Amino acid sequence: MHTIAVLALDHVVAFDLAAPVETFGRTRLPDGRKPYRIRVCGSAPEVVTETFGMRVPYGLDALAEADTVIVPGCSEKAGPPGDDVLDALRAAAARGTRIASVCTGAFILAATGLLDGLAATTHWAAAGLLADLFPAVEVRPDVLYVDSGQFLTSAGAAAGLDLCLHMIRRDLGSAVAADTARLSVMPLEREGGQAQFIVHDQPPAPRGSALEEVLAWLADNADKDVTLDAMAARCGMSQRTFSRRFREQTGTTPLQWLLRARIRRAQYLLETTEHTVERIAEQSGFGSPTAFRERFRRIVGTTPQSYRAAFHGRARQAAAS
């Protein structure tokens, strides 16, 4: 039987802890047997979460007997992981144990140094901080999970379920994983990546900068045929100077910024209107529906039709509630 140790530390995120416990715990082989043994372990016999306290039945020594270790995320109130936790994770890795993190659990795993030189992900809102704190890790903020072999990381909250199903499929095959997905009322594979779950505000404009006015103008005119020359002219700069200062202050090129603003407008229209994809392409400033579909898939990670099926009406429901 495959033993899974789920790490519970103070201020653990309850969902991140429960998701692997429940997902692996309800997995069954075709003959009805349980393939996984679940052990919740930690460095203390009791831990606190944001809303309740809980007893932890196993200590860190349980990691030594585990085939897989799951590291859930912790809230902002949690301090840095103790040396005992980091040492136990490193020792497990040295034995070849598979280690996976859920959401901000990637910070704990990265603190061991085990992710250095590897691709990893975390919640999109924390991806920038993860990259800043651990520059040796290749942070990928636009995916649901990353499988680097021995080490796996998942994005925020529900992406932990996707990662669990992926590991079950890797361990036991698609049929068992599909059965677990049905029991969890989850698709075995979700189309797209994290990008489709990001709040659809316009790309940020640096406050007080020389570009603030032109960025606001771009956001208001994203549906129009805006040229680089027109952008530079609004700032009274040459194209070369404008492009250089734009990259310095936003981290991207003017045309890439404009494309993302157009995609965000399209996301809003897909969520809140009944307009056809062809009309939304025009309203968002794309020259053709084909170009729109290709760019949307590249940036968001799914098709406009699939995005609408998942999110249509939610913005209006949220506004009404």
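Predicted model only: the values in this text are computed from it and were never measured. Counting begins at 1 with the first residue of the sequence.
- Taking Phe24 as the reference, Tyr36 meet the ring pair (Phe, Tyr, Trp, His ring centres under 6.0 Å) condition, with sequence neighbours excluded.
- The two residues Val48 and Asp10 come nearest to each other via the heavy atoms N-OD1, 3.0 Å.
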Review item, side-chain donor-acceptor pairs of residues 125-137, under 3.5 Å, at least two apart:
none

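- Across every non-hydrogen atom of Gly156 and Cys103, the tightest pair is CA-SG, 3.6 Å.
- Every pair passing salt bridge (charged side-chain N to carboxylate O under 4.0 Å, His left out) that includes a residue from residues 56-71 is listed here, sequence neighbours excluded: Arg39-Glu65.
- A donor-acceptor contact shorter than 3.5 Å is absent between the side chain of Ser243 and the backbone of Arg240.
- For Phe292, the ring pair (Phe, Tyr, Trp, His ring centres under 6.0 Å) criterion is met by Phe286, Phe296, not counting sequence neighbours.
- Scored by the salt bridge (Lys or Arg N to Asp or Glu O under 4.0 Å) test, Arg95 finds no partners at all (sequence neighbours excluded).
- Evaluation of the side chain to side chain contact (heavy atoms under 4.5 Å, CB included) rule for Asp220 yields no partner, not counting sequence neighbours.
- Under the rule for a side chain to side chain donor-acceptor pair (under 3.5 Å), Ser101 has no partner lying at least two apart in sequence or in another chain.
- A 4.5 Å side-chain heavy-atom check between Cys41 and Leu63 finds at least one atom pair inside the cut-off.
- Partners of Glu278 according to the side chain to side chain contact (heavy atoms under 4.5 Å, CB included) rule, which considers only residues two or more places apart in sequence or in another chain, are Thr276, Pro289, Arg293.
- Scanning for salt bridge (Lys or Arg N to Asp or Glu O under 4.0 Å) contacts around Glu50 gives Lys77, with sequence neighbours left out.
- In this structure Ala18 satisfies the side chain to side chain contact (heavy atoms under 4.5 Å, CB included) test with no other residue, sequence neighbours excluded.
- Taking the side chain to side chain donor-acceptor pair (under 3.5 Å) definition, one finds that Arg90 meets it with Asp87, sequence neighbours left out.
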Could you list the donor-acceptor pairs under 3.5 angstrom formed by side chains in residues 225-234, with sequence neighbours left out?
from, atom 1, to, atom 2, distance (Å)
Thr227, OG1, Ala230, N, 3.1
Arg234, NH2, Glu213, OE2, 2.9

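- Inter-residue side-chain proximity for Thr252 and Arg260 is flagged as unmet; no heavy-atom pair is nearer than 4.5 Å.
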